Amino acid sequence: MKIASFNINGVKARIAQLTAWLPEAQPDVVVLQEIKTVDEGFPAEMIEDLGWQVWTHGQKSWNGVALLSRLPVEDVRRGLPGDDGDEQARWIEAEVMGARHAVTVAGLYLPNGNPAPGPKYDYKLAWMERLRARAAALLDTEAPVVMLGDYNVIPEPRDAAHPERWVEDALFLPETRAAFRRIVNQGWTDALRIRDPHGTRGPFTFWDYQRQAWERDNGIRIDHLLLSPQAADLMRDAGVDRDQRATEKPSDHVPVWVEIDA
DNA sequence: ATGGTGGGTGTCCCA
């Protein structure tokens, strides 16, 4: 089962790239972030025509996540638990039926949090605390779980081309990184990191539109795939579809993926 | 220190 995550920065602006990438990358399950539309505005038919089922958790103008699957799906759940007043669409999870295992797939779009300090950073940290609670509950199921998406967290200096430029950014502040570590240290495996445990740089998943960041390879690693122990046992490979950043009208993120023997 | 770029349904906000 190949599971991918892609922050597409607006599904309507990116539908050509998305429908080209899907048959090329051949994932079985995809979670999308920043669809930037309400459910009714999502171009589901164009994706269904390619053989996919589509579930959305949309929102007007900003945020919004979706789950696409070629495999049977059960029990789609929308919204991160822990705050009934939270209007922001940043979480979708479901059970995906592989040939051998049912896999829990949770797609997330963690708040950016800038500027820090401030109310947006407070919201980010509160959201990460709710994520920690949900992640612990998912681990308790002892099922294979893949929790993936745009975490808006640069875990370590080696995850940025120029870490010194990020020291005051909400994506790299010590409190942000500590909150991310608290989740990982529950027992999750960072699939892109363990694929190259001693790598000194990257792999990057985001390059800013500004200042020729892509041309200079001034990137950061903020899209992550966290695997529960039962999913990590099944892991075959993981990677970053870096060439998607060089397409016409690209997103500022590229797809990340993991293959598990499920 | 500044402003640079891109998407949305927007004449500003968010990343």
Side-chain angles (χ1 to χ4, degrees), chain A residues 5-21 31-44 46-47 56-66 80 86-91 107-128 131 148-155 159-173 175-177 179-180 204-224 240-256:
Chain A
S5 171
F6 190 5
N7 180 324
I8 52 172
N9 188 21
V11 68
K12 294 169 191 168
R14 219 67 62 204
I15 189 64
Q17 184 185 359
L18 180 62
T19 52
W21 170 75
V31 292
L32 301 174
Q33 302 88 39
E34 288 206 85
I35 63 173
K36 291 186 171 178
T37 176
V38 293
D39 295 336
E40 299 72 35
F42 192 93
M46 295 182 68
I47 294 165
T56 58
H57 182 35
Q59 179 181 341
K60 189 180 174 183
S61 303
W62 301 304
N63 309 321
V65 291
L80 181 64
D86 187 357
E87 305 275 316
Q88 300 192 26
R90 298 178 174 276
W91 178 269
L108 66 96
Y109 175 48
L110 203 147
N112 176 294
N114 281 301
K120 290 186 180 173
Y121 192 57
D122 294 341
Y123 175 71
K124 177 177 194 152
L125 293 178
W127 204 94
M128 292 183 84
L131 175 61
L148 73 169
D150 177 0
Y151 280 73
N152 270 315
V153 175
I154 303 167
D159 294 311
H162 300 284
E164 71 281 0
R165 298 181 191 175
W166 295 90
V167 290
E168 293 183 48
D169 195 284
L171 278 59
F172 193 56
L173 283 173
E175 209 173 346
T176 304
R177 296 165 54 196
F180 182 73
F204 303 140
T205 68
F206 169 95
W207 296 259
D208 201 291
Y209 287 124
Q210 303 179 59
R211 287 169 262 185
Q212 296 183 290
W214 167 246
E215 289 78 4
R216 296 170 171 167
D217 197 23
N218 178 13
I220 52 177
R221 186 172 77 100
I222 56 175
D223 299 271
H224 305 297
V240 178
D241 285 351
R242 186 184 157 97
D243 57 351
Q244 288 297 310
R245 189 61 177 81
T247 58
E248 192 87 11
K249 269 186 51 141
S251 171
D252 39 7
H253 295 250
V254 294
V256 298

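Numbers restart at 1 for each chain; the letters A, B, ... are given by sequence-line order, proteins then strands. Worth saying up front: this structure is predicted, and the values here are computed from it rather than measured.
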Nearest-angstrom distance, [atom1] atom, [N] to [M]:
| N | M | atom1 | value |
| --- | --- | --- | --- |
| B/dT9 | B/dC13 | P | 16 Å |
| B/dG7 | B/dT11 | C1' | 15 Å |
| B/dG4 | B/dC14 | C1' | 16 Å |
| B/dA15 | B/dG10 | C1' | 15 Å |

Could you state the [atom1]-[atom2] distance from [X] to [N], rounded to the nearest angstrom?
| X | N | atom1 | atom2 | value |
| --- | --- | --- | --- | --- |
| A/I15 | B/dG8 | CD1 | C1' | 16 Å |
| A/R216 | B/dG4 | CZ | C1' | 11 Å |
| A/Q210 | B/dG6 | CD | P | 9 Å |
| A/N114 | B/dC14 | CG | C1' | 11 Å |
| A/D208 | B/dC14 | CG | P | 17 Å |
| A/I35 | B/dA15 | CD1 | C1' | 16 Å |
| A/Q212 | B/dG4 | CD | P | 14 Å |
| A/N7 | B/dG6 | CG | P | 16 Å |

_I'd like to know if the side chain of A/N9 pairs up with that of A/K36 as donor and acceptor (distance under 3.5 Å, no hydrogens or angles considered)._
yes
_Pairwise 5' ranking along DNA chain B for A/G10 and A/E34, keeping only the more 5' one_ = A/G10
*Which residue, A/Q88 or A/A13, contacts DNA chain B at a nucleotide closer to its 5' end, judged by nearest heavy atom?*
A/A13
*Please determine which of A/T176, A/N112, A/N114 meets the side chain to side chain donor-acceptor pair (under 3.5 Å) test together with A/Y121.*
A/T176
Considering only side-chain heavy atoms of [X], which listed nucleotide, [options], is closest?
| X | options | value |
| --- | --- | --- |
| A/K12 | B/dG7, B/dA15, B/dT9 | B/dT9 |
| A/R14 | B/dA15, B/dT9, B/dG7 | B/dG7 |
| A/Y209 | B/dT5, B/dC13, B/dT9 | B/dT5 |

*Where is the tightest heavy-atom contact between A/F172 and A/R177, given as atom of each residue plus distance?*
O-CD, 3.1 Å
*asked:* For a quick test of reading the model: is some side-chain N or O of A/R211 closer than 4.0 Å to OP1 or OP2 of B/dG3?
replied: no
*Within the structure, does a side-chain N or O atom of A/K120 lie under 4.0 Å from either OP1 or OP2 of B/dC14?*
yes
*When you check the gap from the basic side-chain N to the acidic O, do A/D217 and A/R245 get nearer than 4.0 Å?*
no
*Have a look at A/W214 and tell me which of A/F206, A/W207, A/Y209, A/F204 forms a ring pair (Phe, Tyr, Trp, His ring centres under 6.0 Å) with it.*
A/W207
*Using a heavy-atom cut-off of under 4.0 Å over every strand shown, decide if A/Y109 touches base, sugar-phosphate, or nothing.*
sugar-phosphate
